[in-house]
Structures are given as structure tokens and as C-alpha cells.
Amino acid sequence: MTTVFVTVGTTRFDELIESVTSSEVTQILKARGYGRLVLQVGRGTLVPDADSCADLSVEAFRFKDSIAEDMRRADLVISHAGAGSCLEALSAGKPLLVVVNDKLMDNHQLELARQLHMDDHLLYCTCCTLAETLKNMDLSVLQPFPPGQPKNFANFLDKALGVK
């Protein structure tokens with residue numbers, strides 16, 4: 001079954017969980033061929049039950065030791081704009097739609113999402129524009145995120161710290 005994995009990381013982002021489980025959004029997801037919604041709800045107060053969405057099967061949990069398997073099984077990842085969650089999804093090679101929490105002060109998440117979008121690695125929106133973004137999204141425009149180069153980074157650190 002085609003799966004959407006939604007993650008809020010370690011935060012509380014009930015607005016995203018409410019938006020993604022709304023009848024408008026679940027109908028759009030179903031129309032796009034998705035049949036399963038897996039929700040990592042973090043510290044939020046909203047934990048939808050298995051039959052909370054008429055259009056999709058739903059599984060929800062707060063935390064796991066690792067969400068790598070959930071990402072691996074997903075056909076689409078919808079994530080908050082935390083750097084760790086974004087990089088994990090992009091490194092897994094999954095199409096990523098980032099939902100920026102526009103209620104946050106000093107929103108560095110918007111800057112990250114905007115830059116990764118300009119580089120064609122992800123799509124982004126807010127909870128208010130989620131339904132419209134899902135309806136019109138074209139995942140074929142997304143480019144793979146280049147793998148990290150730890151040796152280059154280590155050399156940079158060595159040079160910066162005067163080790164070499």
C-alpha cells in the first residue's frame with residue numbers, strides 16, 4: 001500500500017497532525033493514490049486512532065528509537081522543517097514535503113526549507129497551504145540530495161582548528 005510518513009520530530013506540532021488528517025487532505029492523498037498514513041506525533045496532544053480517517057488507514061505513535069524504517073517504507077515524507085528530519089528524509093532518497101511551523105519566532109526552519117526548495121530537493125508549505133500544495137505537487141521536479149562528504153568536512157575542521 002502506498003504510504004505517507006508524517007514526522008514532527010521531538011517537537012509538538014499538533015497543527016500539522018490536524019491538517020494532514022483533515023478530510024480535505026486525506027481525500028487529496030487518496031486521489032493521488034496513497035492508502036496509508038503513518039504519523040509520528042512527538043510531544044503533541046493529538047494522537048489519531050486507526051479509524052480516524054475514512055479515506056486512509058492510519059497508524060500513529062509518539063516516538064521510536066529510530067524512524068529510519070518508517071522513512072524507508074514511505075513513498076512520500078511530510079515533515080516539520082527541523083534540520084535533522086529534513087536531512088534524514090533527503091538522505092533516504094524520499095520525496096519530501098516540508099511543512100513550516102509559521103507560529104515559531106525567529107524561524108530558521110523557513111530559511112532551511114526555502115534554500116532546499118530553491119535547490120530542488122524538496123517542496124514546502126505551511127499548514128494553511130498544505131491541501132493546495134498536495135493537490136498541485138509535482139514530485140518529478142525534485143532532485144536527489146547529494147550524499148555527505150565526511151572526509152572533506154573532517155579536513156576542513158582539521159584545517160580550521162590548525163591540526164594539519
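Values in this document were obtained by computation on a predicted structure and should not be read as measured data.
- In this structure, L112 CG and H117 NE2 are separated by 13.0 Å, a value rounded to the nearest 0.5 Å.
- Under the side-chain contact (heavy atoms from CB on, under 4.5 Å) criterion, T11 pairs with V8, F13, H80, not counting sequence neighbours.
- Across V98, V77, L142, L96, a single residue satisfies side chain to side chain contact (heavy atoms under 4.5 Å, CB included) together with L90, and that is L96.
- Residues L97 and L87 are members of separate hydrophobic clusters, defined by side-chain heavy-atom contacts under 4.5 angstrom among Ile, Leu, Val, Met, Phe, Trp and Tyr.
- The salt bridge (charged side-chain N to carboxylate O under 4.0 Å, His left out) analysis of residues 72-88, with sequence neighbours excluded, yields the pairs E69-R72, E69-R73.
- If you chain together hydrophobic residues whose side chains sit under 4.5 Å apart, L29 and L123 fall into the same group.
- Counting only heavy atoms from C-beta outward, the side chains of N101 and L16 never approach each other to under 4.5 Å.
- Residue pairs meeting the side-chain hydrogen bond (donor to acceptor under 3.5 Å, both in side chains) criterion with at least one partner in residues 19-30, sequence neighbours excluded, are T26-D55.
- Contact check for Q40 versus K64: no side-chain heavy atoms found under the 4.5 Å cut-off.
- Every residue two or more places apart in sequence or in another chain that forms a side-chain contact (heavy atoms from CB on, under 4.5 Å) with R12 is listed here: D14, R43, T45.
- Ring planes of F5 and F61: parallel class, angle under 30° (limits at 30 and 60°).
- Remark: Y34 engages no residue in a ring-ring contact (aromatic ring centres under 6.0 Å, His included) (not counting sequence neighbours).
- M137 and V99 fall within a single hydrophobic cluster, where Ile, Leu, Val, Met, Phe, Trp and Tyr side chains are chained together by heavy-atom contacts under 4.5 Å.
- Checked against side-chain contact (heavy atoms from CB on, under 4.5 Å), D49 has the following partners two or more places apart in sequence or in another chain: D51, S52.
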